[in-house]
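Since the structure comes first, as structure tokens, the remarks are kept for the end.
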Amino acid sequence: MKKTQLTTTGGNPIADNQNSLTAGSRGPLLMQDYQLIEKLAHQNRERIPERTVHAKGSAAYGVFTVTQDITRYTKAGLFAKVGRKTDCLLRFSTVAGERGAADAERDVRGFAIKFYTDEGNWDMVGNNTPVFFVRDPYKFPDFIHTQKRHPKSNLRSNTAAWDFWSLSPESLHQVTILMSDRGLPRTLRHMNGYGSHTYSFINAKNERYWVKFHFKTLQGIQYLTNEEAEAIVAKDRESQQRDLFGAIERKEFPKWRFCVQIMPELEAETYRWHPFDVTKVWPHKDYPLIEVGVLELNRNPENYFAEVEQSAFSPSNIVPGIGFSPDKMLQARIFSYADAHRYRLGTHYEMLPVNRPKSPVNTYHADGPMRYDVPKGTDAYYEPNSFGGPVPDACFDEPPLKVSGDADRYDHNDGNDNYTQPGNLFRLMTPDQQERLFRNTAAAMDGVPEAIVQRQLVHFHKADPQYAAGVAKAVGVKNRAAGE
Ligand code: NDP
């Protein structure tokens, strides 16, 4: 086999990569050993800042295939024909753990898909839960602080988590899911994904519908008990990465059925649940799931750093036919995700191979550190210009969205029912599932002062008295919410 010549980053052949240049065999080193210095300096720069949240991730490439016609709702090209295929990248992640954290932990899982469409990238940056802990992004950094480490002890704090949740009743729905079986999936293949937020669809007649996205696992839902997870973590911190990578190497390609729920635009004004509140779902009997297609993962990335660590997903990447909604959390994420990548990866992060759209990109952005492409010489480097530069097209205008109201800071919990939907979820669990919910909740409350536990029991009680009773018993405290 012909050997490949080792070179410097400048392409110069290297004669020796094992022995530093020294004065005599005992040293000292010589300063002119530029390749020794280059290797050490490069090593110092091998890491980039990890994501503040969703730092630990696993990803794979795949294909999305349309199986049902939904063109009456959206003109998005990727849905234009039954049978149409679109290449994708799906990155899964835990939320709170750092890059080296164990996989088999109770946590929400990120479920972020990049669809490389003919009309640019569509990033569906969701989770494995249909709701979220907070509905106002003003509270988001505080919430994340409670999931991270205590500033003095450098330990995760159950007290901080339950203090915040018990003072933020809108979190109850997501907390219930997190403490249920769904909060600790057996593998990344055995869980659903959700867009969580409400988005919009725009059809060819420029009519708007509100839409929710669901990815239902075709592997079936499977979970781990806390005890099973502890045994796994003791032996393997990378269990979910290992499972996903191995399944794809064995050609056991995981699949998800992609479905949508559709709400005509004007129904949002009268629907009994606030459709832009990310702590709420749309019950299926009101808005049934409509199948759209199947997503299959079938290829592992070649290089974890280049293709997974450097992958950048942002809900700001949408295509014509898909739009945003007035969901406040979504609006904040549209800004903050792209901003996180500018900081983490740099100004030109969307030109990195994994992020680069497969369709043409024509912008007037100029320069900045690490520009990876070489734009052709042109006089059209500003807009408007007379030299044939790219121009916008009004055909991509969305229909106007009616907004009204006085500018103020409105109490988002005022008159908002935080309890019925978590109660409905609790009531659809079997007695066994409820029992595990109680035990998981009690385990997560370990070391939390009783006053905080009692404050949280009031929320459980309002969702369903049996919920509070079960948790109180599992924790081993009186259920003051029930007057004990
Ligand atoms: P349905 O009976 O029509 O749907 C219940 C849904 O709950 C199913 O999608 C099921 O997912 C899911 N589910 C079951 N167990 C859990 C769990 N432990 N954690 C999270 N999801 C679970 O009832 P509704 O549509 O009226 O919803 C009732 C409650 O179900 C809601 O209040 C909400 O908490 C929860 N839910 C609703 C969703 C929705 O979009 N309507 C989506 C997910 C949850 P699967 O079919 O995959 O097993």
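Residues take their numbers from the sequence shown, with the count starting at 1. Atoms within each ligand, like the ligands themselves, are counted from 1 in listed order.
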If you measure from each heavy atom of [X] to ligand 1, is any distance below 4.0 Å?
X      : answer
Asn192 : yes
Lys285 : no
Lys212 : no

Test side-chain contact (heavy atoms from CB on, under 4.5 Å) applied to Asp408 - qualifying residues, sequence neighbours left out: Tyr410
[atom] - nearest protein heavy atom and its distance:
atom                    : result
atom 21 (N) of ligand 1 : Arg182 NH1, 3.7 Å
atom 33 (C) of ligand 1 : His173 NE2, 3.3 Å
atom 36 (N) of ligand 1 : Val281 CG1, 4.4 Å

Location of contacts on Lys216 toward ligand 1, heavy atoms closer than 4.0 Å: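 Side chain only; the backbone of Lys216 stays clear of ligand 1.
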Per-residue contact class, Ser180 against ligand 1 - non-hydrogen pairs under 4.0 Å: side chain
Test: Lys280 cationic atom under 6.0 Å from Tyr271 six-membered ring centre, within 45° of axis: no
Qualifying ring-ring contact (aromatic ring centres under 6.0 Å, His included) pairs with a residue from residues 290-338, counting only residues at least two apart or across chains: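 Matches after skipping sequence neighbours: none remain.
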Check ion pair Asp142-Lys139 (N to O, under 4.0 angstrom):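 Here Asp142 does not pair with Lys139 in a salt bridge, since their nearest N and O are not under 4.0 Å apart.
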